[in-house]
Amino acid sequence: MARIAGVNIPATKPLHIALRYIFGIGPKHSLQICERTGIEPTKRVNVLTEAEILKVREDIDKHYKVEGDLRRDVAMNIKRLMDLGCYRGLRHRKGLPVRGQRTHTNARTRKGRAKPITGKKIATKK
């Protein structure tokens, strides 16, 4: 199992798939890394030599912001919006969708489980 950018990437998967386990590297960037380093994207991680793994590590360090640094930047950007008090910051603060989605029905991932309305009496027939 190779360790790149502080992440153990799976050894049995092809390199272009295994690189996606690193936060901040998706399909496009993983293929770009393979192209720049000259490694076949379909080559399995357990077949890579130490020199090839080192090439990949150096390429990621040189061209990308990944894992802890990227997470910190994203968190700081959200905190900045909340401190400014802009609309997006207020939505983050309240835990509601930020990008204009409807909340009347949906948005359960952001809002959490539905809370029952208390104090509402059920009308009974006499």
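Here R93 contributes atom CZ and I78 contributes atom CD1; the two are 13.0 Å apart, rounded to the nearest 0.5 Å. To the nearest 0.5 Å, atom CG of residue D83 and atom CE of residue M76 are 8.5 Å apart. Atom CG of L96 is separated from atom CZ of R99 by 15.0 Å, given to the nearest 0.5 angstrom.
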Please evaluate residues K55 and I33 with respect to the criterion side chain to side chain contact (heavy atoms under 4.5 Å, CB included), reporting the C-alpha separation (whole Å), side-chain torsions for both, the decisive distance (0.1 Å), and the verdict. CA-CA 9 Å; K55 269 188 196 176; I33 291 166; over 6 Å; no
Working note: H92 + Y87, criterion side chain to side chain contact (heavy atoms under 4.5 Å, CB included); need CA distance, chi angles, decisive distance, verdict. CA-CA 9 Å; H92 273 292; Y87 182 77; over 6 Å; no
Kindly determine whether D69 and R72 satisfy salt bridge (Lys or Arg N to Asp or Glu O under 4.0 Å), including the steps that lead there. CA-CA 5 Å; D69 294 336; R72 193 176 316 105; 3.0 Å; yes
Quick one: do F23 and L70 satisfy side chain to side chain contact (heavy atoms under 4.5 Å, CB included)? Show the steps, please. CA-CA 8 Å; F23 182 78; L70 182 59; 3.6 Å; yes
Between I60 and L19, is a side chain to side chain contact (heavy atoms under 4.5 Å, CB included) present by the stated rule, with each step listed? CA-CA 10 Å; I60 289 172; L19 285 175; 4.1 Å; yes
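Across S30 and I25, no two heavy atoms sit closer than the pair N-CG2, 3.8 Å. Heavy-atom minimum distance, C34 versus L15: SG-CD2, 3.7 Å.
A salt bridge is absent between R57 and D61: the closest approach of a Lys/Arg side-chain nitrogen to an acidic carboxylate oxygen does not fall below 4.0 angstrom. The pair K62-D59 fails the salt-bridge criterion, with no side-chain N (NZ, NE, NH1 or NH2) lying under 4.0 Å from an Asp/Glu carboxylate O.
Between R36 and H63, some side-chain heavy-atom pair lies under the 4.5 Å cut-off.
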